[in-house]
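Lettering follows sequence order; numbering is per chain, from 1.
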Amino acid sequence: MNAVLAGFRGFAGYLGGVLGADAYKKYLEHHEASGHTDPPLTEREFWREKTDRQDTNPQGRCC
Amino acid sequence: MGTMPDGTQGDSTHGSMRGASTHGTAQLDDGVVPDPSLPPTSVDESVRDAADRTWTPAKIALWAAIALLGGVAWFMLAIVRGETVNAIWFVFASVCTYLIGYRFYSKVIERYLTKPNDRRATPAEYKADGKDYVRTDRNVLFGHHFAAIAGAGPLVGPVIAAQMGYLPGTIWIIIGVVLAGAVQDYLVLFFSMRRGGRSLGQMAREELGVIGGTAALVATLLIMVIIVAILALVVVNALGESPWGVFSVGMTIPIALFMGVYLRFIRPGKVMEVSLIGFVLLMAAIIGGGAVAGTEWGAAFFHLDKVTIAWGLIVYGFIAAILPVWLLLAPRDYLSTFMKIGVIVMLALAIIVVRPEITVPAFSEFAGRDNGPVFSGALFPFLFVTIACGALSGFHALIASGTTPKLIEKERQTRLIGYGGMLMESFVAIMALVAAISIDRGIYFAMNAPVALTGGTVETAAAWVNSLGLSGVNITAGDLAQTAKDVGEQSIVSRSGGAPTLAVGLAHIMQQFIGGTAMMAFWYHFAIMFEALFILTAVDAGTRVARFMLQDSIGNFVPKFKEHSWRPGAWLCTAIMVAAWGAVLLMGVTDPLGGINTLFPLFGIANQLLAAIALSVCLAIAAKRTAPKYLWIVAAPLAFAAVVTITASFYKIFSPVPAVGYFANNAAFTKALADGKTSFGTAKTQAAMEAVVRNTMIQGWLSIVFVVLSIIVIITAVMATIKALRNTAAGLPNAENEDPAQASRVFAPAGFVPTAAERDLAAAWNQLPTGERLEKSGHH
């Protein structure tokens, strides 16, 4: 049963990665690793900033 | 610093060719000084080579088995002429060919052309910002890249091409991807990665100069307009006179708006959660659509003709492109990606489990003719442009030089993501083909021929199909009516565009897998829904990207336009782009010849011309970094794409056959009007005849502009290539536009499954104290 659960978690984690659900986590990792001393953006601020930046920086989607 | 023909980084002062290939990684002369306190960032070249060249009996047996299975599958498809062929052979033939192409051919490209160096940092490392440039786990990035490149294209083209039988399309999809499509994606991704993630347009400008670069930019812009317009046409054709479809696809808008608000204000960042909610709502919308379409008011209210839907889509396209991304585009993109992965896994499983028997012949009666009812034109070149996505798709070059190169963790992973990702799309195309040919051939032609031929009713359509004299085809009006009833539609006659046919095929296969006949209507509308979802996302994103390209271009003359936040400029440019594709869309919808029949080849030509442009840029770059004898890796697909698209364009421009040539058709209708006829061919009124005259003139000139621009790009690329080869022959360094090499400080394996050497190295990295290595991204 644990293996099934782990497998499901793994799949959900993978799908989340593909969707970009872990973007904030990665931002925090980067923030920490790059030795910034100022506090990182909060989760709300981060996502706001991310989508607002896409307004002027569109990504193509293929046919 | 210049790059020498063997790919080593020689510095320009002596232009030497100090060999690197025979040395161990530590002594590599690649201008990279690794941090001595870290383990190696790359598997030692000699170790990797040795592993590649060691053929253990188990390895030989495995590849022999793959080759044998693939060979048997191809034999079953291409040589054996039984009554039927089982769909499983399509799966084996494609997967075995992909594996061989990936293992052997893409390694040739890697060894002699791209020559990745894992000691170099990728843009995701040296430009890391935690936002756009983020090292991403290779398996996650594979899915991400695949979701960005694959959409409705590979689901539609193969369906339309099935007119000629299954074999021409199958061969082109499988062989084309291995030798052309995947090569293009891989090279563009790699070259863009070496240039900090620069776009195709910027690379064209750098490599081909002002003329070539400008021609590439204008061509790209025009091609995007055509592609968006024809994708939109597919949606309009699928939703026309279908209350169920209109309701459920329409509901995606409020669902996406809700998801956007949820993510912005209620629970920011909970992407998985909101995607699941969105998915449940989407299923509810499909089921609810059946109930709504079953009521009298629902059937009346959502029963819209194609022109109304087209106008709705144009208005929607404009609003969607000026609304903030968070409100509509971003949430729908999540939904679309979520569906994409799910649908493809499901379709593959269903085909493997159900294994439908295919009765369509390898070559149909139309394979040798140029007047097929689904698309006009002879097999060569028109089959090769009808199937663009899945075999060779130029649009991918925009993605492979967009987001993906900024996320790559290690240089060697580009082969998995670029080449492997495209193989995956090709597999989607094969599955779409299988789904489309698993339905009865008579129904296929009744669905895909324009109203002008079928007459629009089940009786006339059945009579017309039977009059075609296709072997083994004999349908009745009852068959057509029953199929329509099964899938919950009022009619399936002349539902051209590919999407409805695929939906019927998918419903046909899926109901044998889950749910039985009672579920067919659900599966049909499920298929229509996801195709519409993919296309609407592509329409939004395409309009936005095109708007920015236009703004930047106008900005060269009126600097104010370069300010992306300047509202009037943004709105004006959006309006121009929407008007451009909207005009083509309306042209297709009102075209008495059936928009798909005349316009779909233009879509394929546009897409392949973009591929020719992308390959031209790759050729110019490759000439600087490899020996001339390996240039055929790029030159061969470029030559093929160029010959196919230029020939197809010439047919469209010069063919005297009205069904094929735009100007021939124009002349025929102009003459008929001049003779005072009130109906001619498929046009039943004088207004319709005037529409044909107008449309064919515009389509003809578009073809001319495309082909001229592309020829300019190809010529400038060939000139740049010759110049690079001459420089090399004379011992002169070539101008190098790559970002300077920087030492990498991370390690990750290159493929899905790490090799033994990669595992050892990864273990060494894992022993480092966490403080001394960069945070590892992802945990797969």
Side-chain angles (χ1 to χ4, degrees), chain A, chain B residues 128-132 134 136-137 139-140 143-144 147-153 227 231 263-264 268-272 275 324-326 329-330 333-334 336-338 341 388-389 393 395-396 398-399 402-403 534-535 537-538 540-542 544-545 547-548 564-565 603 607 774-775 777-780:
Chain A
M1 201 55 211
N2 276 342
V4 175
L5 204 65
F8 182 76
R9 285 238 173 86
F11 177 72
Y14 178 77
L15 201 59
V18 171
L19 289 176
D22 55 356
Y24 183 61
K25 201 186 101 219
K26 284 189 173 166
Y27 161 76
L28 286 183
E29 278 171 4
H30 169 80
H31 190 86
E32 197 179 338
S34 54
H36 287 295
T37 45
D38 49 327
L41 299 175
T42 65
E43 190 165 16
R44 186 174 288 260
E45 286 166 350
F46 171 80
W47 285 100
R48 219 162 245 260
E49 201 264 350
K50 183 179 163 73
T51 45
D52 289 351
R53 217 151 32 86
Q54 281 174 10
D55 274 334
T56 49
N57 184 21
Q59 300 161 6
R61 270 286 181 260
C62 195
C63 32
Chain B
D129 62 1
K131 291 165 185 169
D132 291 327
V134 184
T136 307
D137 176 83
N139 300 322
V140 169
H144 185 90
I149 59 171
I227 290 177
L231 285 174
L263 272 179
R264 180 88 166 182
K270 301 287 180 275
V271 172
M272 270 300 265
S275 300
V325 166
W326 65 265
L329 186 63
D333 202 24
Y334 291 135
S336 166
T337 307
F338 202 82
I341 309 278
C389 305
S393 171
F395 218 95
H396 292 188
L398 304 182
I399 314 287
T403 324
F534 300 167
I535 290 177
T537 315
D540 285 7
R544 269 177 203 270
V545 172
R547 184 258 277 188
F548 280 97
H564 290 164
S565 50
F603 166 86
N607 204 350
L774 289 172
E775 268 318 308
S777 65
H779 300 280
H780 297 277

Please rank His396(B), Lys270(B), Arg264(B), Arg547(B) by heavy-atom pairs under 4.5 Å with chain A and give me the top one.
Arg264(B)
Based on non-hydrogen pairs under 4.5 Å, which of Ala148(B), Ala541(B), Ala538(B) is most in contact with chain A?
Ala148(B)
Could you tell me which portion of Asp540(B) (side chain, backbone, both or neither) has an atom closer than 4.5 angstrom to a non-hydrogen atom of chain A?
neither
So how far is it from Lys131(B) NZ to Lys26(A) NZ, rounded to the nearest 0.5 Å?
15.0 Å
Engaged part of Ser336(B) at the chain A interface, taking heavy atoms whose separation is under 4.5 Å
neither
When you measure from the side chain of Tyr14(A) to the backbone N and O of Asn139(B), does any donor-acceptor pair fall under 3.5 Å?
yes
Side chain, backbone, both or neither: which part of Phe534(B) has an atom under 4.5 Å from a heavy atom of chain A?
neither
Do you know which of Thr42(A), Thr51(A), Asp55(A) has the most heavy-atom pairs under 4.5 Å to chain B?
Asp55(A)
Side chain, backbone, both or neither of Leu398(B) within contact of chain A (heavy atoms, under 4.5 Å):
neither
Phe548(B) and Pro58(A) have their tightest heavy-atom pair at CD1-CG, 3.2 Å
Could you state the interatomic distance from CZ (Phe338(B)) to CG (Leu15(A)), rounded to the nearest 0.5 Å?
5.5 Å
Options His31(A), Arg53(A), Lys50(A), ranked by heavy-atom pairs under 4.5 Å with chain B, top entry
Arg53(A)
Find out whether Gln54(A) and Leu329(B) are in side-chain contact, i.e. whether some heavy atom of one side chain is under 4.5 Å from a heavy atom of the other.
no
Which atoms of Ala150(B) are under 4.5 Å from chain A, going by heavy atoms: the side chain, the backbone, both sets, or neither?
backbone
Which one of Pro268(B), Gly542(B), Ala152(B) has the most heavy-atom pairs closer than 4.5 Å to chain A?
Pro268(B)
Between chain A and each of Ile535(B), Thr537(B), Thr403(B), count heavy-atom pairs under 4.5 Å; write down the option with the most.
Thr403(B)
Go through the atoms of Ile399(B) and report whether side chain, backbone, both or neither lie under 4.5 Å from a heavy atom of chain A.
side chain
Any His564(B) side-chain heavy atom under 4.5 Å of Asn57(A) side chain:
no
Does any part of the side chain of Met272(B), heavy atoms only, come nearer than 4.5 Å to the side chain of Leu19(A), both counted from C-beta?
yes
Which atoms of Glu32(A) come close to chain B, meaning under 4.5 Å heavy atom to heavy atom: side chain ones, backbone ones, both, or neither?
neither
Quick check for you: among Ile341(B), Val545(B), Asn607(B), which has the greatest number of heavy-atom pairs under 4.5 Å with chain A?
Val545(B)
Do you know which two heavy atoms are closest between His30(A) and Ala128(B), and how far apart they sit?
CE1-O, 3.2 Å
Is any side-chain heavy atom of Leu263(B) closer than 4.5 Å to one of Trp47(A)?
no
